[in-house]
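Below is one structure; the comments refer to it alone.
First the proteins, then the strands, lettered A, B, ... as listed; each starts at 1.
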Number of protein chains: 2
Amino acid sequence: MAASKERITIQDIAEQSGVSISTVSRVLSGNAGVTEPKRQAVLAAVDKLDYRPNLFAQGLASGQSMSIGVMTQNFGSAFYDAILRGIIAGVEKSNYSPLFADGRWRTDIERRALQTLLNRRVDALILLGTQLDSDDLLDLKKQMPLVIVSRSVAGLEQNCLVVDNYKASFQATTHLLDRGHQHIAHITGALSESNVLRDGAQRLAGYQDALRKAGIEPSPKLVVEGSFRSQSGLLAIETLLTRGKPFSAIFAANDQMATGARLGLYRRGIRVPDDVSLIGFDDQPHSAYMTPPLTTVRQPAEEMGLMAAQAVLNQLQGKPFALPMVSAELIVRESVKHIY
Amino acid sequence: MAASKERITIQDIAEQSGVSISTVSRVLSGNAGVTEPKRQAVLAAVDKLDYRPNLFAQGLASGQSMSIGVMTQNFGSAFYDAILRGIIAGVEKSNYSPLFADGRWRTDIERRALQTLLNRRVDALILLGTQLDSDDLLDLKKQMPLVIVSRSVAGLEQNCLVVDNYKASFQATTHLLDRGHQHIAHITGALSESNVLRDGAQRLAGYQDALRKAGIEPSPKLVVEGSFRSQSGLLAIETLLTRGKPFSAIFAANDQMATGARLGLYRRGIRVPDDVSLIGFDDQPHSAYMTPPLTTVRQPAEEMGLMAAQAVLNQLQGKPFALPMVSAELIVRESVKHIY
DNA sequence: CTGTTAGCGCATTCAG
DNA sequence: CTGAATGCGCTAACAG
């Protein structure tokens with residue numbers, strides 16, 4: 001590949017194909033009629049000279065960057081990664097291209113990352129699990145198309161794509177009840193921080209209501225507040241054991257805590273699922289490889305990414321769009337035992 | 001909404017501070033002397049009007065984008081995520097900002113992702129585990145500052161940042177030997193694809209040489225070729241068991257395969273570490289939470305990211321730079337048992 | 001349909 | 001040291 005010498009511009013291909021630069025611009029943008037022969041000539045020249053329009057010039061002249069900012073909270077997260085994959089796939093067909101940033105679950109970092117995205121003049125925004133204030137979010141919404149994934153914001157219901165945590169949690173708990181478990185402990189997600197409160201609180205509610213529906217009054221002694229991190233799952237086991245109230249199953253608000261709990265049980269010599277059954281939430285890739293493989297709840301991450309992408313693209317084109325509440329699915333594996 | 005948010009330009013702050021736009025440009029870029037009073041006036045105006053220079057205009061006029069392209073192979077990878085974190089931290093202090101792309105371990109995707117990076121006119125490139133041909137890489141090197149992480153390319157030794165796989169692997173195997181193990185199996189990484197050959201082959205070599213140094217001739221029956229994926233670790237167990245040659249320990253070329261192997265052993269009722277000891281490589285975050293916690297090798301990912309960032313920045317400034325071979329560290333946990 | 005012309009916002013000579 | 005004048009490469013009116 002004999003690469004670049006001097007940047008070739010629209011001017012070059014205009015001369016090469018014997019037309020004016022505006023005509024070139026027209027065939028390239030496609031939003032104006034051009035005679036077929038000229039069109040072909042231009043295309044040929046573009047191909048021959050391997051022309052690449054200068055995005056800076058385009059952006060400056062048109063006022064659009066043709067890019068969509070995508071903010072994750074952790075590149076390393078398997079769940080967000082799957083969403084990103086969906087977004088990439090969804091945006092691929094359009095003329096827009098994604099611009100990634102990572103908030104690392106820290107408000108200050110996310111704020112700055114958002115600024116750089118804004119500085120790059122993104123035309124729209126997809127925010128995953130954002131921790132920003134709803135005021136800021138409302139404000140952003142006024143400025144450009146916006147889709148918020150995995151967090152519901154009051155006043156922005158239209159733009160939020162969330163999973164039905166309550167229902168999934170209800171089902172997971174019911175699964176345990178159906179298998180004969182009466183004493184089911186729950187390790188919650190973070191509940192105090194108002195920002196991430198949603199998921200944790202909803203999953204807790206689903207757990208409690210499932211018990212009630214089965215005629216069992218939820219016991220506070222069987223509920224331990226976690227933080228969504230492995231470490232908290234590990235600690236939760238100690239807490240539960242200390243409290244002394246027996247249980248035959250544990251439902252953790254996510255797989256990471258379930259993993260932590262698994263280790264805690266292992267250290268105590270408690271077998272899974274022989275002594276205690278375990279269920280997680282999220283279906284981290286590795287959960288299928290735990291010993292035993294973990295029963296958990298899978299969110300259709302990739303689809304969610306696709307939907308989010310489609311929604312922004314529609315907004316960008318002024319088309320109507322809708323974001324339904326997506327439902328998660330229980331993945332049954334060997335970490336749950338049927339008892340009598 | 002657009003009323004109050006009229007884009008403010010350099011022109012606005014020029015008027016506001018009573019100087020010309022060139023003076024404004026000077027104090028902002030800092031590469032030219034400006035009288036202190038004027039400087040202050042400009043800064044004040046910038047602050048007051050909350051001025052943000054238009055990157056497109058800057059890029060178009062200067063020919064630089066002030067951005068560094070960063071290509072990963074999988075946003076979801078914990079290892080690469082840690083490297084990205086290091087890169088972000090390393091680039092933060094400079095005026096450059098990172099632009100991310102994901103090659104998803106697929107050459108075609110990586111190629112396209114690289115193109116979009118190039119279209120955005122990145123000033124430099126950091127490639128993680130790239131699968132591109134060395135010819136393309138050589139070519140890129142001619143066009144801009146370049147750093148390749150986790151892959152060594154002939155002719156580009158200067159620009160590659162790699163970990164000493166051989167040494168780490170040698171140490172891991174020696175650790176097993178020191179604990180009394182004589183029959184040590186090895187699940188290799190991918191060996192056939194020339195692109196990712198390095199890591200897998202080097203780890204295999206380290207394993208073999210450690211055995212030889214201990215006076216043990218490596219047995220082909222105890223080596224199974226894997227693909228770096230969990231699934232292959234699972235299958236490897238079946239293969240090993242079928243071959244019938246006994247072993248008391250397994251060294252997998254990465255944690256994912258170790259996890260797969262762990263499940264395979266579990267399914268066969270073989271206990272870890274009581275019956276078989278297990279060692280991985282990479283120290284995935286979750287490895288510390290496996291049951292039992294996995295002994296493995298940790299690569300200083302974040303530091304590597306920092307070094308990569310520093311190296312590109314130096315290149316960008318025409319300064320000299322050097323990329324040493326970094327060494328990994330054995331993390332001892334409960335998955336290895338001392339036998340007699 | 002198509003060529004000409006004016007900017008987009010900023011960095012950079014080039015004269016003072 | 002500083003202001004005025006040129007483009008950077010492209011889009012979008014504006015005439016033909």
Among C/dA11, D/dC10, C/dT4, the nucleotide that comes nearest once only the side chain of A/Ser20 is considered | C/dT4

Given DNA chain D, 5'-ward residue of the pair B/Ala57 and B/Gly18, judged by closest heavy atom | B/Gly18

Take atom CD1 of B/Ile8 and atom C1' of C/dC8, then tell me their distance rounded to the nearest Å.
-> 16 Å

The side chain of B/Val34 lies closest to which of these nucleotides: D/dT2, C/dC10, C/dC1?
-> D/dT2

If only atom types and distance count, is the side chain of A/Asn54 paired as donor or acceptor with the main-chain N or O of A/Ala57 below 3.5 Å?
-> yes

Closest non-hydrogen atoms of A/Gln73 and A/Gly129, given as atom of the first, atom of the second and distance, are CG-O, 3.5 Å

Among C/dC10, D/dT11, C/dT12, which is the nearest nucleotide to the side chain of B/Ser22?
-> C/dT12

Here the pair of heavy atoms bringing A/Ala308 nearest to A/Val149 is CB-CG2, 3.9 Å

Length of the CD-P vector between A/Gln64 and D/dT11, whole Å = 11 Å

Determine the contact category for B/Ser25: base if any of its heavy atoms lies under 4.0 Å from a base atom, sugar-phosphate if only primed atoms, P, OP1 or OP2 are that close, otherwise nothing.
-> base

B/Val19 has its side chain closest, among C/dT2, C/dG9, D/dG3, to D/dG3

Verify the distance criterion only: is there a donor paired with an acceptor across the side chains of A/Arg120 and B/Ser97 at less than 3.5 Å?
-> yes

Whole Å only: how far is the CG atom of B/Asn54 from the C1' atom of C/dC10?
-> 8 Å

Contact nearer the 5' end of DNA chain C, comparing A/Thr23 with B/Leu28 | A/Thr23

The answer to which of B/Leu60 and B/Ile21 contacts DNA chain D further toward the 5' end, by nearest nucleotide, is B/Ile21

Spacing between B/Ile10 atom CD1 and D/dA4 atom P, to the nearest angstrom | 14 Å

State whether B/Ser62 places a side-chain N or O below 4.0 Å from either non-bridging phosphate oxygen (OP1 or OP2) of C/dA11.
-> no

Over how many whole Å does the gap from B/Arg121 atom CZ to D/dG9 atom P extend?
-> 9 Å

Within the 6.0 Å centroid threshold, strictly below: A/Phe75 and B/Phe100 | yes

B/Gln58 vs B/Arg26, nearer the 5' end of DNA chain C by closest nucleotide = B/Gln58

Taking CZ from B/Arg52 and C1' from C/dC10, how many angstroms apart are they, rounded to a whole number?
-> 17 Å

When rounded to whole Å, the CZ to P distance for the pair A/Phe56 and D/dG9 reads 12 Å

Using whole Å, report how far CG of A/Asp123 lies from P of D/dT11.
-> 14 Å

